[in-house]
Amino acid sequence: MDSGSPTKIAVIGSGLMGSALARAFAAAGHDVAVWNRTPSKARAVGGGTLAFDNLIEAVSGRALVVVSVSNYAACAELLSSEGVARALAGKTLVQLTSGSPADARTGLEWAKAHGVDYLDAAILAYPGFVATDYATVFYAGSRAVFDRHLATLQAIARNSVYVDEKIGSAATLDCAILEAYYGSSLAFLHAAAMCKAEGLDPKIFFSHKSSFLGLVSVTADAAQGMVERNDFSGDQCSLNTHVAAIEHIVRLSKDARISARFPQELLENYKRALSEGLGLQELPAVFRTLMRD
Ligand code: NAP
């Protein structure tokens with residue numbers, strides 16, 4: 001692991017996230033070069049960072065290069081620019097651009113072909129939370145490379161978590177957590193819309209958030225064990241009964257003339273499990289149906 005002494009870092013991309021990352025590294029005492037496609041944004045990062053108009057000059061002499069651009073296609077375009085691969089050889093590239101596991105695998109192939117050490121990373125935080133205890137970054141790739149840079153990387157998130165050697169593992173975990181986040185957010189926003197449409201102040205619903213969060217938490221714990229054992233039998237509540245409850249939600253939405261798309265989609269997924277003969281199993285049995293598509 002690095003000793004915690006100042007590291008020469010380049011941060012490629014001065015968007016909302018890249019700027020926050022660069023300032024966090026600089027605030028921790030590191031020597032930070034920044035580069036952005038639109039140079040004025042790199043100059044606006046501030047916080048003691050040094051802006052470069054030329055990408056190769058920005059990474060030159062930097063042991064650690066962090067990338068945060070919109071997507072992997074944008075990153076691939078940058079990396080294929082004349083002279084960039086040569087300038088990165090022998091350095092560590094930390095990919096903090098969000099993507100899929102397949103993107104990460106492509107990134108690793110590129111890095112191996114050009115003699116670059118590569119960590120694929122996923123940050124779970126808004127820029128305003130970078131460097132606070134609310135930020136988590138997941139890393140995948142070589143454990144030795146991660147350990148070498150851990151002390152430096154903790155400037156952006158003390159909670160820097162090594163997931164696995166498999167290069168796609170950080171992106172997989174990020175997608176899994178984000179799906180749970182976006183799915184449950186859509187669910188509680190639809191729930192609030194149902195309340196409003198029925199004349200119940202949504203703030204009453206939100207004041208009971210511990211009820212639905214508690215149910216989700218208990219179900220996730222039960223699901224973990226059932227998925228591990230591949231056994232979804234139980235004596236709490238059958239899928240048949242759950243489906244009847246979802247039918248009430250669809251009916252309420254239609255009667256109140258609000259969008260019924262979300263509960264309808266839920267109903268279709270759960271009903272598919274019934275048609276596969278899982279009606280007497282517990283709710284997590286839907287996992288079996290989902291694995292088959
Ligand atoms: P952003 O503010 O829109 O910044 C996008 C950055 O990508 C800009 O620096 C932009 O350069 C650069 N870019 C886009 N296309 C490019 C290209 N073809 N070549 C070179 N540079 C290009 O986005 P952001 O919020 O910083 O997000 C950056 C990454 O962080 C994304 O992968 C995002 O998923 C991830 N992330 C963001 C958050 C968040 O809350 N913001 C949270 C977690 C993860 P220009 O300035 O020249 O357009």
Side-chain angles (χ1 to χ4, degrees), residues 9-26 32-47 49-59 62 64-85 87-88 93-108 110 118-141 153-161 163 167-185:
I9 304 171
V11 177
I12 301 177
S14 309
L16 295 170
M17 182 54 81
S19 301
L21 298 174
R23 283 192 291 266
F25 281 125
V32 183
V34 292
W35 177 90
N36 194 58
R37 177 179 61 175
T38 310
S40 58
K41 281 207 215 164
R43 288 194 279 274
V45 174
T49 61
L50 186 60
F52 284 80
D53 286 354
N54 181 293
L55 177 55
I56 293 171
E57 286 172 16
V59 301
R62 310 268 153 187
L64 188 62
V65 178
V66 170
V67 187
S68 174
V69 291
S70 299
N71 50 50
Y72 278 64
C75 181
E77 202 181 308
L78 289 177
L79 297 181
S80 62
S81 313
E82 178 63 33
V84 172
L88 289 173
L93 185 69
V94 177
Q95 179 60 274
L96 266 151
T97 302
S98 304
S100 71
D103 288 329
R105 288 188 280 271
T106 306
L108 179 63
W110 180 92
Y118 184 76
L119 291 175
D120 196 78
I123 183 159
L124 263 191
Y126 289 114
F129 292 98
V130 166
T132 73
D133 288 344
Y134 297 103
T136 296
V137 181
F138 296 118
Y139 292 91
L153 294 170
Q154 280 178 323
I156 55 173
R158 192 181 310 280
N159 197 24
S160 294
V161 181
V163 182
I167 199 70
S169 61
T172 302
L173 186 56
D174 188 47
C175 287
I177 291 172
L178 288 179
E179 186 192 31
Y181 164 64
Y182 289 124
S184 51
S185 297

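Each ligand, and each atom within it, is numbered from 1 in the order the structure gives.
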Options [options], ranked by nearest heavy atom to [atom], top entry:
atom	options	answer
atom 27 (O) of ligand 1	Met17, Glu77, Arg37	Met17
atom 15 (N) of ligand 1	Ser81, Gly15, Ala73, Ala74	Ala74
atom 31 (C) of ligand 1	Leu124, Val69, Thr97	Val69
atom 9 (O) of ligand 1	Asn36, Leu21, Ile12	Asn36

Query raised in the report: Is it true that Asp120 and Arg105 make a salt bridge, defined as a side-chain N closer than 4.0 Å to a carboxylate O?
Result: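 Here Asp120 does not pair with Arg105 in a salt bridge, since their nearest N and O are not under 4.0 Å apart.
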
Within the 4.0 Å heavy-atom shell around [X], which atoms of ligand 1 are there?
X	answer
Ser68	28 (C), 29 (C), 30 (O)
Ser98	32 (O), 33 (C), 34 (O), 35 (C), 36 (N), 44 (C)
Tyr126	40 (O)
Ser14	9 (O)
Pro127	39 (C), 40 (O), 41 (N)

Query - Ala171 to Gly99 - nearest heavy-atom pair and separation - result: CB-O, 3.6 Å

Report summary line: Between Ile156 and Ala24 the two heavy atoms that sit nearest each other are CG2-CB, 4.0 Å

Donor-acceptor pair, side chain of [X] and main chain of [Y], under 3.5 angstrom:
X	Y	value
Thr132	Tyr134	yes
Asp103	Ser100	yes
Asn71	Ala74	yes
Ser19	Val45	no
Trp35	Ala51	no

Query raised in the report: When only distance counts, is Trp35 in polar contact with ligand 1, meaning an N/O pair under 3.5 Å?
Result: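 The answer is no, given that Trp35 and ligand 1 share no N or O pair closer than 3.5 Å.
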
Query raised in the report: Can you find an N or O of Leu78 that's nearer than 3.5 Å to an N or O of ligand 1?
Result: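 Looking only at distances, the answer is no, because the N/O contact criterion of under 3.5 Å is not met.
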
Considering only protein heavy atoms, which is closest to [atom], and at what distance to one decimal place?
atom	result
atom 25 (O) of ligand 1	Leu16 CB, 3.9 Å
atom 46 (O) of ligand 1	Lys41 NZ, 2.7 Å
atom 47 (O) of ligand 1	Thr38 OG1, 2.5 Å
atom 14 (C) of ligand 1	Ser70 OG, 3.2 Å

Query raised in the report: For atom 23 (O) of ligand 1, is the nearest protein heavy atom closer than 4.0 Å?
Result: no

Report task. Answer with yes or no whether Ile123 contacts ligand 1, where contact means a heavy atom under 4.0 Å from a ligand atom. Result ->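 Heavy atoms of Ile123 do come under 4.0 Å of ligand 1.
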
Report task. Determine whether any heavy atom of Ala125 lies closer than 4.0 Å to an atom of ligand 1. Result -> yes

Query - Beyond-backbone contact of Val69 with Val67, side-chain heavy atoms, under 4.5 angstrom - result: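 They are in contact (side-chain heavy atoms under 4.5 Å apart), so the answer is yes.
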
**Report entry** Side chain to side chain, Leu55 and Val84, heavy atoms closer than 4.5 Å
**Finding:**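 They are in side-chain contact.
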
Query raised in the report: So how far is it from Asn159 CG to Asp133 CG, rounded to the nearest 0.5 Å?
Result: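 That separation rounds to 8.5 Å.
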
